[in-house]
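A quick write-up on the structure given underneath.
We count ligands from 1, going down the list as the structure has it; atoms in each ligand are counted the same way.
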Amino acid sequence: MAADSTLTAATRAVQWRGELFRLPPGGHAWTAQNVIHLVRNIRDNGLREMVRSGLAETFPELEIDLHTSGRAALAWSFRALADRSGRSEIVIPAYTCYSVPAAAVSAGLRIRLVDVDLRGQIDINDLKKLPLERAAAIVVTNLLGIPESVDSLKTIVSEAGCALIDDAAQCFGASDSGGRAGARGEVGILSFGRGKPLSALGGGAAVYRAAAVAGCERPRDAGPGPASVFRAIADAMLYDIALRPSVFRMLCRVPSLGVGETRFDPDFERGGMAGRNQALLSCGLDNAEEHARGRRRVAESMAKEIQSVSLFEPMVADGAVVAVYPRLGVVAPSADARNQALIALTAAGAGATAFYPESLDCLEALKPHLVEERPCSGAHELAGRLLTLPTHGGLRGRRLREVLAIFQKIGYRAGS
Ligand SMILES: Cc1ncc(COP(=O)(O)O)c(C=O)c1O
């Protein structure tokens, strides 16, 4: 797995092009039809109704509240479930988006970490070891658009008398035999942030059975008025420009923009979803299915190619599971191989990332909020070996061949 001279030469050869060109790791451009749709609806307040009915079609029989972000929806749900149960802990997988523990802290609750396997899914044996008497909820986070199986979790959750939160921030549109991601627990969470499977450049939602959070004050949101629709159009146009590889490369160099940074920050805004995000969500709902189909095609085909030439293991869904792949996760044969691959892929401008920099058991800022400090070796291993590739379709042709050559050089599969 050590870097060889051919690889170093290959890296140097692509470096100059990577400096001019950098694919964004996720996200999709808005279309001309989206902008026309917004312009047509600039005056009336029909966009709010479109959003409500679009989400209600996906989550029939569930209550839907729109929040300012996915983490705000999580914090609201955590607080509601803690008040209902009189409990003060939330169980969170030790490798996930830092916004999940940040939401628990924002809700004034303590965190108990559970270890994960190399797909980022909750390690059931580790969960069985945890005392759950004070747990108000266990969160599944359905990493990288692959719905996590919740069958065995449901049994543990009901025996422990706590709630299951099906966090589908990365997984809108995915499903398995247990149902739609987001609808398989007492509460489901959606995020409409940048790069999510259903994007509105911001915003989030909680979807739930009414009894789960009875009596809680719900966030209020005003529908999108003309000013917020104008703002939505401007945001969509700027975002499309930012996604261009030559522009994206420059934005990555502006430290104050923090592009691609993952920060633990429990001090975030809470409340109802902004009108401009609701306006964009009405377009996102139109795009979601087609984008998901495209990403699925790209992810499955890249996964096959990577597997055929190297020992890198792409994260793809099994059998009847329908995944949505906001990005394709790839687990390297070792942490060293991951780091070498990331250097070479970054030099090639391939839009590769390391995803979350650390597992949550290693995150210093989180330690004061943990019920107990316990090492989570699976999460730690995953944080060291995971990288992601874009699935928006920009990684193709010669650049894709370069990427495959990098995987082959670093994680050579005998016989390939
Ligand atoms: C699993 C998960 N939950 C919650 C969130 C929070 O969503 P938002 O960024 O809209 O606050 C994210 C964000 O990436 C996430 O990945």
Side-chain angles (χ1 to χ4, degrees), residues 24-27 55 65-78 90-107 111 113-114 116 119-122 137-148 150 164-174 181-182 184-185 187-207 219 221 258-274 276-278 280-281 284 315 323-327 329 353-357 359-360 363 366 379 382-383 386 388:
L55 290 174
D65 290 342
L66 299 177
H67 291 257
T68 186
S69 63
R71 72 203 91 151
L74 266 174
W76 179 85
S77 315
F78 287 160
I90 302 290
V91 179
I92 291 174
Y95 184 81
T96 194
C97 176
Y98 293 2
S99 297
V100 180
V105 174
S106 166
I111 294 157
L113 295 178
V114 58
V116 297
R119 290 166 68 83
Q121 308 203 344
I122 288 180
I138 298 177
V139 191
V140 281
T141 55
N142 302 298
L143 284 191
L144 293 163
I146 303 177
E148 189 161 342
V150 293
L164 180 70
I165 298 190
D166 191 12
D167 181 343
Q170 302 184 19
C171 219
F172 180 90
R184 301 168 305 161
V187 179
I189 299 296
L190 309 177
S191 162
F192 311 125
R194 294 179 173 82
K196 295 295 189 318
L198 172 55
S199 178
L201 303 184
V207 298
D221 63 84
V259 176
E261 259 176 34
T262 304
R263 278 187 300 143
F264 171 73
D265 178 14
D267 189 18
F268 54 82
E269 190 190 338
R270 289 171 61 176
M273 187 166 160
R276 65 178 187 280
N277 299 122
Q278 292 188 45
L280 286 172
L281 186 55
M315 280 185 178
V324 289
Y325 306 111
R327 309 180 195 184
T353 71
F355 216 35
Y356 307 126
S359 54
L360 297 180
L363 188 62
L366 188 59
L382 181 62
L386 181 63
T388 74

Item to check | For atom 10 (O) of ligand 1, the option (of Ser191, Ala200, Ala205, Ser199) bearing the nearest heavy atom | outcome: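 Looking at heavy atoms only, Ser191 sits closest to atom 10 (O) of ligand 1.
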Checklist entry - Out of Arg194, Gln170, Glu269, Lys196, who gets a non-hydrogen atom closest to atom 14 (O) of ligand 1? => result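 Minimum heavy-atom distance to atom 14 (O) of ligand 1 goes to Lys196.
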Next on the checklist: Test your reading of the model: is there a side-chain donor-acceptor pair from Thr68 to the backbone of Gly203, 3.5 Å cut-off?
Outcome noted: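 It does not hold such a pair.
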Would [X] count as a polar contact of ligand 1, with the cut-off being nitrogen or oxygen pairs under 3.5 Å?
| X | answer |
| --- | --- |
| Ser99 | no |
| Thr96 | no |
| Arg71 | yes |
| Gly193 | no |

Checklist entry - To the nearest 0.1 Å, how far is atom 4 (C) of ligand 1 from its closest protein heavy atom, and which atom is that? => result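 Of the protein heavy atoms, Asp167 OD2, 3.5 Å lies nearest.
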Checklist entry - In the protein, what heavy atom is nearest to atom 12 (C) of ligand 1, and what distance, to one decimal place, separates them? => result Cys97 SG, 3.5 Å
What's the separation between atom [atom1] in [X] and atom [atom2] in [Y], rounded to the nearest 0.5 Å?
| X | Y | atom1 | atom2 | answer |
| --- | --- | --- | --- | --- |
| Met273 | Asp65 | CE | CG | 12.5 Å |
| Glu269 | Arg71 | CD | CZ | 10.0 Å |
| Leu113 | Ile92 | CG | CD1 | 7.0 Å |

Checklist outcome for this item: Contact region, Tyr356 to ligand 1, non-hydrogen atoms below 4.0 Å, reads side chain
Checklist entry - Counting only heavy atoms, which portion of Val100 has something under 4.0 Å from ligand 1: side chain, backbone, both, or neither? => result side chain
Checklist entry - What heavy-atom pair brings Ala94 and Val116 nearest, and what distance separates the two atoms? => result N-CG1, 4.0 Å
Checklist entry - Any idea which heavy atoms bring Thr141 and Pro93 closest together, and the distance? => result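 That would be OG1-CG, 3.7 Å.
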Next on the checklist: So Leu190 and Leu198, do their side chains get closer than 4.5 Å, heavy atoms only?
Outcome noted: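 Contact flag for Leu198/Leu190 side chains = no.
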